[in-house]
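For clarity, every value in this text was computed on a predicted model and none was experimentally measured.
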Amino acid sequence: MPVLVESLEITAGRAVVEFNLAEAMDERRNTKLFPILVERTNIPYNSSSPPGLIEANTRDPWSQSGKYALGWVYFCIILLTVAILVRLYHLWTDKIRTALHKEDALNTTKTSSPDTDYELSALSTDKSTNKFFPRTGPLPTAAEVKAQSSVSSIGLLNNAIALSRFCFYRPIPLIPTRKRRRPIVFPSLGVVCIVSAAFVFIVLYCFVPQPLYWQKVQFGSPPLAIRSGMIAVAMMPWIIAMSMKANMVSMLTGIGHERLNVLHRWGGYLCLFLSLVHTIPFYVTPVSDQGGLRVFKTYFSNSGVYVYGTGIAALVPLIFLCVHSLPFLRRSMYELFVTLHVPVAILYLAMLFWHCRNYLTSWNYLFATLAIWVVSYLIRLLFLNWTNPWRMSWLIGEEAAVIIMPENAVKVTIPTQMKWRPGQYVYLRMPGISVFGNHPFTVASLCSEDFPSDYGEGYRDMVLVFRPFGGFTKAVLESAIERGPWHTYRAFIDGPYGGMQRRMEAFDHVVLVAGGSGITAIASQLLDLIKRMRDGKAVTKSVQVVWALKRPETMEWFKEELRICREFAPPDTVQCQFYITAAKRQSNTGQLISSQTPTRPVSGLFKDKVNDTFQDIANKRVSTSSAKRNSALIRDEAQGDPEREKELRRENEDAIAALPEAHLLPARSASRGHLAPPVADPKIRRQQPNQAAHPKRGKRNLSLDISAAVAQGAAEMQNPGQTFDFGFPTTPTEFQKNLMRFAFLPAAVKKKDGWSIEYGRPDISYMLRQFSKDWGRRTCVFVCGPESMRLDVATTVAELQRAVWNDPGKDEVFLHTENYAI
């Protein structure tokens with residue numbers, strides 16, 4: 001027995017020694033395998049190499065995988081080229097149309113009354129040596145002018161553009177959520193198509209080429225991972241370019257960065273998808289490869305460093321960037337989003353440099369990304385108001401005044417030497433209120449010599465009007481309440497950006513639609529267009545404005561601008577329709593009731609507010625010189641009758657401008673909350689005035705009232721020292737009472753100048769279809785309002801594209817939408 005025990009001890013000792021030697025050999029073998037496991041690039045082979053290794057170096061070699069990154073570059077260049085060509089075509093047609101209009105206007109002024117052929121009678125003497133028409137011979141005819149459509153546009157291309165707009169102007173319907181919650185809004189159909197095309201491209205480019213994996217892990221990295229990784233790296237320059245405020249893509253295509261930002265976000269989501277496709281195959285290969293999992297487990301247990309640590313270090317920041325940029329998270333913590341997004345993006349780019357290790361052409365794209373980033377920030381310095389050493393605002397910003405307007409709206413006035421175009425917006429930073437707050441606001445004022453600033457020569461008043469909701473805007477309101485209107489703030493401006501790239505004055509007809517505070521994006525556009533129309537620099541023949549506002553006090557925001565438009569616009573060119581949505585009329589009685597509580601009628605105080613608000617906008621007299629008749633013309637028209645001449649002069653002196661008036665709207669549609677178009681239903685009886693509320697009106701003869709009003713008015717006009725007031729004074733005269741009674745009849749019609757007030761929500765789709773009957777060759781529809789309003793306008797304009805290819809007299813129906821939040 002002792003011999004047996006001794007023999008077993010010797011055998012066990014030998015077994016332990018052999019196990020230790022085998023373990024040491026395995027460790028040395030795994031250490032030698034580590035470089036192959038990590039890189040597995042450019043593995044040498046010969047004719048005696050395994051078939052799998054030969055396939056890995058000949059079928060889809062790693063050294064030629066950079067072509068997949070070039071595929072994405074070519075895809076983006078094609079989209080960029082199409083956008084540039086479309087912009088150049090529109091710029092060319094717009095400039096040609098405005099140039100032809102100026103030329104026609106100049107020729108008309110030269111040939112309408114030449115000195116040698118025709119001459120009007122002298123107004124003072126009624127004598128002339130020449131006659132307006134020649135005594136003998138045919139009457140003069142206007143020279144034939146070549147049709148603008150054949151000069152400034154191409155019919156076939158117009159039809160193609162109209163077809164694309166017919167498809168892509170159509171929005172994706174909103175998904176309503178709980179009450180007082182924002183609905184789920186989808187990107188435009190054009191963005192969806194671009195993102196879908198990009199997704200299909202990268203999926204096919206990654207998964208269609210074969211093989212997806214090599215036979216063994218030692219033969220190289222999975223081809224699927226290499227393809228997706230190279231495409232993800234190639235996306236970085238484009239993602240960063242579309243995220244910058246001042247970028248080359250916007251300069252080339254004319255598309256503002258706020259619109260490119262949608263593609264920036266979706267590009268980030270696609271990059272995350274490719275990064276996951278790049279990561280997963282490295283974990284699948286060891287599991288599927290025979291013996292591969294044992295090798296990985298052996299290395300993980302001994303090295304102390306994760307084999308794919310650099311890839312995880314780059315993947316984690318990318319996941320954070322994509323998750324915290326989701327719309328609901330971005331809105332709920334916008335300040336945190338703005339603070340963290342750029343630093344985390346810089347960290348992500350640094351991790352990519354570490355992870356890629358200059359494999360293939362990866363660093364070329366990363367250096368291009370870094371260059372685009374730096375250049376964009378340098379260009380952005382030109383957009384800051386405090387970085388120009390030749391301005392008074394250098395390093396210290398501008399002075400700003402903050403006042404509170406009706407409906408708790410905030411008006412920020414900033415005298416500045418910066419220039420901006422109508423409809424553009426700026427980022428405002430006020431360190432005295434919020435050090436890190438930097439928010440976009442649309443500029444509501446016009447940068448023109450006609451609107452100088454009292455601050456000094458070369459300054460223009462930049463006016464920003466917005467409703468306070470939370471965060472920075474709420475802090476501005478609270479500071480204005482606490483410090484009063486005489487306190488000045490330091491304002492640092494970044495901009496201007498965005499705006500409509502098309503020339504609005506190149507369109508024959510313009511329709512401006514606003515909802516609530518969306519009027520801020522339209523006010524400057526309207527003023528600029530009217531100025532160009534008066535100067536003869538605009539092709540535009542008519543402008544139609546539709547503004548839906550909840551309460552009449554909102555009109556106080558732009559009362560002065562509306563007054564300017566009403567007084568200085570060319571006659572019969574601007575029509576404004578205002579819809580007070582806080583009230584509506586009953587279809588059967590015509591009584592005003594509240595929109596929130598239909599059983600409660602609107603108080604008289606509400607009606608007084610409406611009348612008082614619009615009283616200041618409506619000028620008492622026609623201010624345009626074209627509406628006044630020359631004294632000599634009045635004498636000629638009177639034909640020597642002194643009484644007739646006296647009457648004509650009195651009428652000319654007391655010309656009255658129409659006051660916007662409230663109308664009784666058609667019956668409401670049962671399925672919609674907007675004003676419905678008139679229906680030819682014999683069952684619906686004709687609207688009658690409320691006899692109970694106005695017992696005298698039903699018994700009196702309106703013709704007698706009109707006669708009495710005219711007679712009374714004629715008697716009052718005999719007093720030359722008395723001026724006529726079309727407002728609503730405390731003690732109106734009998735003539736004014738009759739006039740007000742007729743102005744608010746249920747069957748009242750719109751005044752000739754087209755300015756009107758109506759109650760209820762407008763049916764935008766019906767209104768645009770009615771407007772389109774009078775549209776010319778080119779029409780621009782500009783809308784800024786809530787999502788539902790933008791969707792209605794976009795859907796209707798998409799349908800109206802049919803007129804372009806059905807009617808040879810129409811070339812274009814263009815739509816421009818502005819974000820309600822900016």
Side-chain angles (χ1 to χ4, degrees), residues 38-42 60-80 195 197-209 212 220-244 247-249 263-283 308-322 325 342 344-376:
V38 174
E39 295 187 2
R40 300 194 299 279
T41 60
N42 293 328
D60 191 7
W62 180 88
S63 60
Q64 299 180 11
S65 297
K67 62 183 179 182
Y68 296 104
L70 285 176
W72 173 259
V73 174
Y74 295 149
F75 176 82
C76 294
I77 288 178
I78 292 174
L79 294 178
L80 182 64
V195 173
F199 179 75
V200 172
F201 173 79
I202 62 177
V203 168
L204 294 179
Y205 212 33
C206 289
F207 289 93
V208 169
L212 302 179
S221 300
L224 176 62
I226 299 301
R227 297 168 196 154
S228 57
M230 288 304 301
I231 298 176
V233 172
M235 294 181 68
M236 284 300 299
W238 302 93
I239 293 175
I240 296 300
M242 291 185 292
S243 68
M244 306 303 294
N247 61 82
M248 295 300 297
V249 178
L263 297 177
H264 161 73
R265 291 197 300 268
W266 283 100
Y269 300 148
L270 292 179
C271 186
L272 176 60
F273 168 76
L274 288 171
S275 300
L276 295 176
V277 174
H278 171 74
T279 303
I280 294 174
F282 286 104
Y283 292 93
Y308 296 137
T310 60
I312 297 300
L315 183 62
V316 170
L318 179 59
I319 294 176
F320 174 81
L321 290 172
C322 293
S325 64
V342 174
V344 176
I346 295 175
L347 175 64
Y348 170 60
L349 183 60
M351 292 299 102
L352 279 181
F353 272 103
W354 182 32
H355 174 64
C356 293
R357 299 185 179 182
N358 201 18
Y359 293 150
L360 299 174
T361 57
S362 58
W363 275 17
N364 295 343
Y365 296 99
L366 296 182
F367 277 121
T369 302
L370 185 61
I372 291 174
W373 211 333
V374 172
V375 171
S376 297

Cut-off 3.5 Å, no hydrogens considered: what does the side-chain donor-acceptor table look like for residues 271-278, sequence neighbours left out?
{"unit_1": "S275", "atom_1": "OG", "unit_2": "C271", "atom_2": "O", "d": "2.8"}
{"unit_1": "H278", "atom_1": "ND1", "unit_2": "A225", "atom_2": "O", "d": "2.6"}

If you round to the nearest 0.5 Å, how far is [atom2] of [Y] from [atom1] of [X]?
X	Y	atom1	atom2	answer
L318	L347	CG	CG	11.5 Å
F320	S325	CZ	OG	9.5 Å
S63	Y359	OG	OH	14.5 Å
F367	T361	CZ	OG1	13.0 Å
L352	L370	CG	CG	12.0 Å
M236	L366	CE	CG	7.0 Å

Sequence-distant partners of A368, side chain to side chain contact (heavy atoms under 4.5 Å, CB included), two or more places apart: P237
In the structure I gave you, are the side-chain heavy atoms of [X] and [Y] within less than 4.5 Å of one another anywhere?
X	Y	value
I202	F75	no
R227	L212	yes
V249	M244	no
C356	Y365	no
L224	C206	yes
L270	W266	no
W373	I346	yes
V375	M248	no

Taking every non-hydrogen atom, the tightest pair across [X] and [Y]:
X	Y	value
A234	W72	O-CD1, 3.7 Å
M230	A69	O-CB, 3.6 Å
W363	R357	NE1-N, 3.7 Å
G267	I239	O-CD1, 3.4 Å

Which of Y74, F207, F201, Y205 passes ring pair (Phe, Tyr, Trp, His ring centres under 6.0 Å) with Y68? It is Y205
